[in-house]
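Letters A, B, ... are given to chains in the order of the sequence lines, protein chains preceding strands, and every chain is numbered from 1.
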Amino acid sequence: MTNASNPFRGRVAPSPTGFLHIAVARAALYNWLSARKLGGQFILRIEDTDRARYVEGSLDNIKSGLRWLGLDWDEGPDVGGPYGPYVQSERLPIYHEYIQKLLASGHAYETYYSKEELDAIREEVGEADPVTFNRRIQSMPEEEKARRRAAGVKPAVLFKMPEDGETVVYDEIRGEIRFPNKSLRDPVLLKSDGFPTYHFAAMVDDGLMKITDVLRGVEWLPSLPLHVQVIQALGWETPRFYHLSLFLDPSGKGKMSKRKGSNEYPIFVHQLREMGYLPEALLNWIALMGWAEASGDREVYTIPELIQAFDLGRVRAAPAAVDYDKAEWLNGVHIRMLAPDDLARRLVPFMQAAGFDVTAEGIAPMVPLIQERIANLTEAVDLLDFFFVTPPAPDPAELTPKKLTPAEVVSELLAARETLAGLEPFDAASIEAALRGMAQARGIKPGDLFTILRVALSSKRVAPPLFGAIACLGRTTTLARIDRALGILQPA
RNA sequence: GGCGCAUUCGUCUAGAGGCCCAGGACACGGCCCUCUCAAGGCCGAGACACGGGUUCGAAUCCCGUAUGCGCUACCA
């Protein structure tokens with residue numbers, strides 16, 4: 001179609017009005033995946049034409065979120081490219097140039113009505129009759145226009161929609177869709193402040209930037225006929241359009257709040273990142289909301305596998321409810337796929353945030369103990385803390401398994417102390433063998449012995465596997481904590 | 001109100017006329033494994049929104065209804 005020489009040129013075009021939302025991340029991902037698979041380009045463009053909604057810090061949040069996810073852009077802010085600038089507020093002269101063309105060709109016209117007047121006319125005419133509305137504003141007498149111009153009123157430029165017939169558009173996900181032209185109101189292309197609206201800026205930029213495939217939210221589907229009219233008026237070829245469905249809240253009923261993520265329903269990439277999700281897991285999860293392979297039976301993908309398998313032609317039209325359970329599961333799967341020292345590195349920031357001054361090398365020995373026990377990075381803290389700091393004193397009740405008396409526990413602790421004190425080598429396998437031998441010799445259930453030791457060493461009922469933990473703790477600390485437990489059970 | 005989109009287990013989905021009395025996954029329940037917790041294995045329960053057509057035959061095609069959602073801004 002457009003630009004046959006380019007296999008794929010896609011773009012994600014967020015507005016700097018908030019944080020990076022997972023819906024934008026999904027659009028970026030689908031674009032990026034297609035570009036990487038087809039050998040095309042993924043472009044980042046900033047649509048900052050609404051000065052009133054600009055939010056400080058938003059741009060950084062979006063860019064850093066995309067980078068963290070690994071969705072690097074080939075053209076855009078910071079990296080440049082042949083069709084820049086990639087920030088719309090820096091492209092004003094370009095829009096004005098094309099507005100002049102549309103004005104000259106009669107596809108667009110200036111209006112001197114204020115927004116308030118337009119609102120009033122709209123209300124008077126009624127929502128259901130765009131044609132009458134269009135005619136009304138197109139028919140301001142020239143004298144009136146001149147009068148307002150003289151008074152300093154800046155015009156807005158509107159696009160002149162056809163009154164008859166229908167515009168037939170094609171959405172790659174849904175197929176052909178027909179819109180009666182009389183149902184569309186003339187849209188504003190250029191605001192009186194000289195800034196273009198999305199309807200105009202996005203079409204001009206997509207055309208100039210040689211975009212072949214436009215991925216955007218379904219909320220744009222109703223404006224598609226308008227957009228193809230604008231593109232045709234500009235004399236350009238129409239790119240392929242894919243309108244991505246909405247995300248629904250986990251109940252599957254309401255739509256996800258667009259602008260604010262709660263702790264219950266996090267929807268911003270930085271929130272998920274702070275919660276301990278891996279970028280590759282997040283991408284895997286997001287990719288699956290609205291897309292699946294023909295077989296439909298694969299859920300776990302590495303990034304290279306995703307690039308391989310992804311196909312824009314298989315994106316679904318129905319909205320998808322966000323499933324945090326699945327995100328958690330997928331994250332666990334990806335955590336388990338990590339090389340242990342890679343996991344150790346990723347854990348460091350979370351341990352440090354919890355107040356543990358550790359290094360990747362420092363926690364590396366413990367990582368294999370917890371790797372299959374955590375579904376997100378933050379969970380590691382509770383499993384590892386007792387290795388780095390003496391835990392609060394264990395509860396005597398938890399130290400004493402059912403059917404055992406404190407005196408018996410003391411006796412087992414003493415025996416274990418003796419077993420461990422001279423054990424060589426002090427590694428997990430030897431420790432296990434020694435402790436099991438001891439349990440058998442003394443006639444205590446292994447499970448009871450291990451429970452006693454687990455609580456004595458970690459002060460927890462749930463902790464990493466005992467033998468490996470003892471090895472990591474080291475002989476000195478292990479014996480010290482056994483002594484402490486002893487002291488608790490038999491006060492001097 | 002107008003215009004448009006969507007509708008398969010609770011959720012994400014496979015299914016593009018017979019392969020489907022509908023397959024996979026998460027979650028859920030049970031069992032197994034087991035030093036706790038996990039991970040893993042096995043088993044189970046669970047869906048084609050409704051009504052008409054078309055067809056020898058429909059989850060798949062058509063129409064209608066219902067429900068949900070979007071747009072209807074000089075916001076994107």
Side-chain angles (χ1 to χ4, degrees), chain A residues 13-15 17 47-50 52-53 111 113-115 118-119 122 126-130 154-158 171 173-174 177-180 182-185 187-199 201-202 216-225 243 245-246 248 250-255 258 285 288-300 314 316-330 332-333 336 370-375 379 383 432 435-436 439 445-455 458 460-467 469:
Chain A
S15 294
T17 55
E47 309 214 325
D48 59 342
T49 57
D50 185 1
R53 292 209 304 143
T111 182
Y113 282 118
S114 67
K115 183 180 187 317
L118 254 20
D119 289 342
R122 192 179 299 115
E127 294 283 353
D129 187 5
K154 295 288 184 221
V157 179
L158 307 210
D171 173 74
I173 298 172
R174 283 156 263 256
I177 305 170
R178 317 174 87 89
F179 292 82
K182 66 174 172 29
S183 69
L184 272 4
R185 216 171 254 126
V188 173
L189 259 26
L190 193 72
K191 298 179 253 184
S192 51
D193 66 2
F195 278 69
T197 60
Y198 172 90
H199 300 308
R216 29 134 76 157
V218 254
E219 63 270 25
W220 293 112
L221 191 53
S223 344
L224 220 208
H243 292 86
S245 65
L246 260 35
L248 269 22
S251 72
K253 297 284 191 284
K255 67 162 189 171
K258 267 186 186 164
W285 177 57
L288 257 21
M289 286 190 278
W291 171 83
E293 277 189 271
S295 65
D297 60 5
R298 185 147 72 133
E299 323 278 332
V300 178
R314 292 193 50 81
R316 267 175 63 87
V322 170
D323 184 352
Y324 293 106
D325 283 333
K326 197 145 193 168
E328 193 88 348
W329 170 73
L330 268 174
V333 170
R336 276 170 250 136
I370 65 164
Q371 186 156 16
E372 68 182 27
R373 264 159 257 268
I374 57 175
E379 289 175 352
L383 253 20
E432 174 164 15
L435 256 16
R436 284 190 189 282
K445 282 167 42 184
D448 284 343
L449 204 218
F450 301 154
T451 296
I452 293 169
L453 286 172
R454 175 175 305 107
V455 175
S458 69
K460 298 171 193 284
R461 266 170 304 193
V462 174
L466 227 213
F467 318 117

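- Under the 4.5 Å side-chain criterion, counting only non-hydrogen atoms from C-beta, A/Arg316 is not in contact with A/Ile173.
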Between A/Lys191 and A/Thr197, does the side chain to side chain contact (heavy atoms under 4.5 Å, CB included) criterion hold? Intermediate values first, please.
CA-CA 7 Å; A/Lys191 298 179 253 184; A/Thr197 60; 3.8 Å; yes

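- B/rC42 is paired with B/rG30 under the criterion used here, namely a Watson-Crick or G-U wobble arrangement in which both key atom distances are under 3.5 Å.
- For the pair A/Lys191 and A/Ala128, nearest-nucleotide mapping onto RNA chain B gives the more 5' position to A/Ala128.
- For B/rG70, the paired base is B/rC3 (Watson-Crick or G-U wobble, both distances below 3.5 Å).
- The nearest whole Å value for the distance from the CZ atom in A/Phe195 to the P atom in B/rA76 is 10 Å.
- Pairing of B/rU60, defined by two Watson-Crick or G-U wobble distances under 3.5 Å, is not identified with any nucleotide.
- Going from the P atom of B/rG4 to that of B/rC12 covers 26 Å, rounded to whole Å.
- Residues A/Phe450 and A/Glu432 form no side-chain contact, since every pair of their non-hydrogen atoms from C-beta on lies 4.5 Å or further apart.
- Comparing the P positions of B/rC43 and B/rC26 gives a spacing of 14 Å, expressed to the nearest Å.
- Look at A/Arg314 and you'll find a side-chain N or O under 4.0 angstrom from OP1 or OP2 of B/rG15.
- Taking atom CD on A/Glu127 and atom P on B/rG70, their separation rounds to 16 Å, with Å as the unit.
- Atom CG in A/Leu118 sits roughly 9 Å away from atom P in B/rA73 (whole-Å rounding).
- Contacts of A/Ala294 with the nucleic acid, taken as non-hydrogen atoms under 4.0 Å apart, involve only primed sugar atoms and P, OP1 or OP2.
- In this structure the side chain of A/Leu246 reaches within 4.5 angstrom of the side chain of A/Glu219, judged on heavy atoms.
- No donor-acceptor contact under 3.5 Å links the side chain of A/Lys115 to the base of B/rA73.
- With a 3.5 Å ceiling on both atom-pair distances, B/rU36 lacks any Watson-Crick or G-U wobble partner.
- By the 4.0 Å N-to-carboxylate-O rule, A/Asp323 lies too far from A/Lys326 to be salt-bridged with it.
- Atom CG in A/Leu246 sits roughly 7 Å away from atom C1' in B/rG70 (whole-Å rounding).
- Counting heavy atoms from C-beta outward, A/Arg174 and A/His243 have side chains that approach closer than 4.5 Å.
- With hydrogens and angles ignored, a donor-acceptor pair closer than 3.5 Å exists between the side chain of A/Ser192 and the base of B/rC74.
- Between B/rC74 and A/Arg122, a contact under 4.0 Å exists linking OP1 or OP2 to a side-chain N or O.
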Show me the protein contacts with nucleotides 33-35 of chain B, counting only N or O atoms at under 3.5 Å.
residue : atom : partner  : partner atom : Å
B/rC35  : OP1  : A/Arg436 : NH1          : 3.4
B/rC35  : OP1  : A/Arg436 : NH2          : 2.6
B/rC35  : O2'  : A/Arg454 : NH2          : 3.3
B/rC35  : O2   : A/Arg454 : NH2          : 2.1
B/rC35  : N3   : A/Leu466 : N            : 3.4

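- A/Ser458 places no side-chain N or O within 3.5 Å of a backbone atom of A/Val455 that could act as its donor or acceptor partner.
- Taking only side-chain nitrogens and oxygens, A/Thr49 comes nearer than 4.0 Å to OP1 or OP2 of B/rA76.
- A/Ala318 comes within 4.0 angstrom of sugar-phosphate atoms only, judged by non-hydrogen atoms across all strands, and of no base.
- With C1' as the reference atom, B/rG70 and B/rC21 are 38 Å apart, rounded to whole Å.
- For the P atom pair drawn from B/rG1 and B/rC9, the interatomic distance equals 28 Å after rounding to whole Å.
- At a threshold of 4.0 angstrom between heavy atoms, the contacts of A/Glu47 are confined to the sugar-phosphate backbone, with no base atom among them.
- Within the shown strands, B/rA49 is the pairing partner of B/rU65 under the Watson-Crick or G-U definition, both distances less than 3.5 Å.
- Of the residues near RNA chain B, A/Trp291 and A/Asp50, the one whose nearest nucleotide (by heavy atom distance) lies more toward the 5' end is A/Trp291.
- Remark: side-chain polar atoms of A/Ser192 are not paired, donor with acceptor, to backbone N or O of A/Ala156 under 3.5 angstrom.
- Checking the phosphate oxygens (OP1, OP2) of B/rC12, no side-chain nitrogen or oxygen of A/Arg316 falls inside 4.0 Å.
- With contacts defined as side-chain heavy-atom distances shorter than 4.5 Å, the pair A/Trp291/A/Glu293 qualifies.
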Anything under 3.5 Å between a protein N or O and an N or O of nucleotides 3-5 of chain B, put it in a table, one pair a line.
residue : atom : partner  : partner atom : Å
B/rC5   : O2'  : A/Arg174 : NH1          : 3.2

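- Between A/Trp285 and A/Tyr324, the angle of the ring planes lies from 30° to 60°, which puts this pair in the tilted group.
- Atom pair A/Asp119:CG and B/rU72:C1' shows a separation of 13 Å (rounding to whole Å applied).
- In this entry the distance linking OH of A/Tyr324 with P of B/rC12 reads 13 Å, nearest Å.
- Across all strands shown, B/rA16 forms no Watson-Crick or G-U wobble pair with both key distances under 3.5 Å.
- Residue A/Arg336 is classed as a sugar-phosphate contact, given heavy-atom separations below 4.0 Å to backbone atoms only.
- Looking at heavy-atom distances under 4.0 Å, A/Asp325 makes contact with sugar-phosphate atoms alone, never a base.
- With both ends at atom C1', the span from B/rU8 to B/rC20 equals 12 Å, rounded to whole Å.
- Distance noted for atom P between B/rA22 and B/rG44: 13 Å (whole Å).
- Annotation: side chain of A/Arg185 is in contact with side chain of A/Arg122 (closest heavy-atom distance under 4.5 Å).
- As a whole-Å value, the separation of A/Leu288 CG from B/rU11 C1' is 12 Å.
- As rounded to the nearest Å, B/rG15 and B/rG24 have P atoms that lie 15 Å from one another.
- Comparing B/rA6, B/rC37, B/rG24 by their closest approach to the side chain of A/Pro319 singles out B/rA6.
- Put simply, the side chain of A/Ser15 gets close to the backbone of A/Glu47: a donor and an acceptor are under 3.5 Å apart.
- Using C1' as the reference atom, B/rA47 and B/rA14 are 13 Å apart when rounded to the nearest Å.
- Within 4.0 Å (heavy atoms only), A/Trp285 reaches no atom of the nucleic acid at all.
- For B/rG40, the base has no donor-acceptor partner in the side chain of A/Glu372 [N/O atoms by modelled type, under 3.5 angstrom].
- Looking at A/Arg314, its side chain does come within 3.5 Å of a backbone N or O of A/Ala292 through a donor-acceptor pair.
- Contacts of A/Gly290 with the nucleic acid, taken as non-hydrogen atoms under 4.0 Å apart, involve only primed sugar atoms and P, OP1 or OP2.
- Across the protein-nucleic acid pair, A/Glu328 atom CD and B/rU11 atom C1' stand 15 Å apart, rounded to whole Å.
- Nearest to the side-chain atoms of A/Trp329 among the listed nucleotides B/rU36, B/rC12, B/rA27 stands B/rA27.
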